[in-house]
Amino acid sequence: MAGPGGVILNAVDLRRLLAGPVERAAPALLGWDLVHDDLRVRLVEVEAYAQDEPGCHAFRGPTPRNRVMFGPPGFAYLYFTYGNHWMLNVTAEPEGRGCAVLLRAAEPLDGLDAMAERRPKARRPEDLLNGPGKLAAALALDQTQYGFDLLDPRSPLRLEPGEPPGSLLVGTRIGIAKGKGDEIPWRFADGGRLRWVSRPLQGLSPTGTIGPSPDAGRTGR
DNA sequence: CCTACGATTCACT
DNA sequence: GTGAATCGTAGGC
């Protein structure tokens, strides 16, 4: 059944979509569930990164850190930054192209107690997974899962079909330095689950509406 | 070898 | 809203 924001595909079709342009594949991940052992979350916010832009880790070619980005689509690219945080991406586009989708926020479904233990600073369920570093911490992700096939049903860390998004919201990506693609609208969120998003969305919706999203009560950046 | 900085989070004003 | 923390990575010399 298709919601206003799209449909949930099966794993084979998702892999096929991930092999296409990363900015088209990224929103298709919304509504998918990310499962790590007994933990389950539903993706509500993602960002696309393409090899050709200076803000992308793969911009200057393969390195030991980003090598999985140049492999086939649907695999886990994890990296460590700010001396503290791990970030999880899904590789995209065909082998040889260094592109990926950053998973920025999710709704917790199973294993809330275990996630809360890993996120002692979180006072509310909304604070468990509303940021890429938080998401990785709550799900106990680090270099261990680097290169895992996220579309392999046997993988301890994997994607599974969830529920289609209520609507698709689009905005500019967070934390991108000026001149490095900060104006590109490749941040995508499920308009039906704004409660779980990392920060309010102010950008365009694909329908052409301009302005704050319905749920955006807090101050934007 | 040395330096700059980051796809962030948190505490604090 | 502002700024510090913290360290691996990448680029330059």
Side-chain angles (χ1 to χ4, degrees), chain A residues 18 21-23 25-27 29-30 34 41 43-70 73 75-93 97-106 108 115-147 150 169-189 196-203 212 216-221:
Chain A
L18 284 168
V22 64
E23 70 273 25
L29 285 169
L30 298 174
L34 180 65
V41 306
L43 301 179
V44 304
E45 181 188 345
V46 301
E47 286 177 355
Y49 289 86
Q51 181 180 348
D52 327 87
E53 10 155 24
C56 179
H57 289 172
F59 181 62
R60 297 173 192 258
T63 69
R65 177 174 72 159
N66 69 19
R67 68 188 185 283
V68 73
M69 292 179 79
F70 290 87
F75 288 71
Y77 166 48
L78 286 130
Y79 70 92
F80 186 69
T81 191
Y82 290 104
N84 281 303
H85 310 292
W86 287 95
M87 313 275 164
L88 173 63
N89 298 251
V90 182
T91 61
E93 304 210 3
R97 285 271 301 161
C99 307
V101 180
L102 172 69
L103 307 186
R104 284 197 56 90
M115 291 185 222
E117 282 183 33
R118 291 230 162 227
R119 294 267 313 118
K121 302 284 170 56
R123 305 269 175 135
R124 321 164 298 158
E126 288 88 342
D127 295 323
L128 250 23
L129 303 161
N130 59 349
K134 299 176 185 178
L135 187 153
L139 291 174
L141 305 180
D142 55 31
Q143 69 273 34
T144 310
Q145 293 83 26
Y146 188 96
L150 298 172
L169 296 178
V170 182
T172 54
R173 295 170 296 181
I174 307 294
I176 304 296
K178 231 183 171 186
K180 292 198 171 186
D182 57 304
E183 75 295 339
I184 303 176
W186 282 2
R187 178 182 178 220
F188 306 98
W196 308 103
V197 163
S198 67
R199 310 166 91 175
L201 241 68
Q202 297 192 11
R218 292 136 298 194
T219 310
R221 72 191 196 93

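We use all heavy atoms of the structure for the numbers below, so side chains are in, but hydrogens, waters and symmetry mates are not. Lettering follows sequence order; numbering is per chain, from 1.
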Heavy-atom closest pair, residues A/L135 and A/L129: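 Distance-wise, the nearest heavy atoms are CA-CD2, 3.9 Å.
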Heavy-atom pair with the smallest gap, counting every atom of A/P108 and A/P125: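 Smallest interatomic distance, heavy atoms only, reads CG-O, 4.2 Å.
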Check whether any side-chain heavy atom of [X] sits under 4.5 Å from a side-chain heavy atom of [Y], and report yes or no.
X: A/L141; Y: A/W86; answer: no
X: A/L34; Y: A/L88; answer: yes
X: A/F188; Y: A/V101; answer: no

May I have the distance from [X] (atom [atom1]) to [N] (atom [atom2]), rounded to whole angstrom?
X: A/L135; N: B/dT9; atom1: CG; atom2: C1'; result: 14 Å
X: A/I174; N: B/dG6; atom1: CD1; atom2: C1'; result: 15 Å
X: A/K134; N: B/dA7; atom1: NZ; atom2: P; result: 18 Å
X: A/H85; N: C/dT6; atom1: NE2; atom2: P; result: 11 Å
X: A/F188; N: B/dA7; atom1: CZ; atom2: P; result: 18 Å
X: A/N84; N: B/dA11; atom1: CG; atom2: P; result: 12 Å
X: A/W86; N: B/dG6; atom1: CH2; atom2: C1'; result: 14 Å
X: A/R124; N: B/dC10; atom1: CZ; atom2: P; result: 12 Å

Is the phosphate of [N] approached by [X] (side-chain N or O, under 4.0 Å from OP1 or OP2)?
X: A/R60; N: C/dG11; answer: yes
X: A/R119; N: B/dC10; answer: yes
X: A/R65; N: C/dA10; answer: yes

For a quick check of understanding: with a heavy-atom distance under 4.0 Å over all strands, which category does A/R187 fall into, base, sugar-phosphate or nothing?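 Nothing, no nucleic acid heavy atom in range.
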Contact class for A/F80 vs. all strands (heavy atom < 4.0 Å): base, sugar-phosphate, or nothing?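 Result for A/F80 = sugar-phosphate.
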When Watson-Crick pairs (N1 to N3 and N6-O4 or O6-N4) and G-U wobble pairs (N1-O2 and O6-N3) count only below 3.5 Å on both distances, what is the dot-bracket string of DNA chain B, with | for other-strand pairs? ||||||.|||||.
Hey, is the main chain of A/A105 close enough, under 3.5 Å, to the side chain of A/S198 for a donor-acceptor pair?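 Side chain of A/S198 to backbone of A/A105: no pair is present.
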Donor-acceptor contact below 3.5 Å, side chain A/R119 vs main chain A/A138: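 Side chain of A/R119 to backbone of A/A138: no pair is present.
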Nearest-neighbour nucleotide for the [X] side chain, [options] considered:
X: A/K121; options: B/dA11, B/dA7, B/dT9; value: B/dA11
X: A/M87; options: B/dT9, B/dA7, B/dT8; value: B/dT8
X: A/T63; options: B/dT8, C/dA10, B/dC10; value: C/dA10

Gap in Å between the two C1' atoms, one belonging to B/dC5 and one to C/dG3, rounded: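 Approximately 16 Å lies between the C1' atom of B/dC5 and that of C/dG3.
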Take A/L102 and A/A122, find for each the nucleotide of DNA chain B with the closest heavy atom, and name the residue whose nucleotide sits nearer the 5' end.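 Its nearest nucleotide being more 5', the pick is A/L102.
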For A/R187, the option from A/I176, A/I174, A/L102, A/T172 that meets side-chain contact (heavy atoms from CB on, under 4.5 Å):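 Checked A/I176, A/I174, A/L102, A/T172 against A/R187; only one passes side-chain contact (heavy atoms from CB on, under 4.5 Å): A/I174.
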Is the aromatic ring centre of A/Y82 closer than 5.5 Å to the centre of the six-membered base ring of C/dA5, with the two planes inclined by less than 30°?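 Not stacked by the 5.5 Å and 30° rule.
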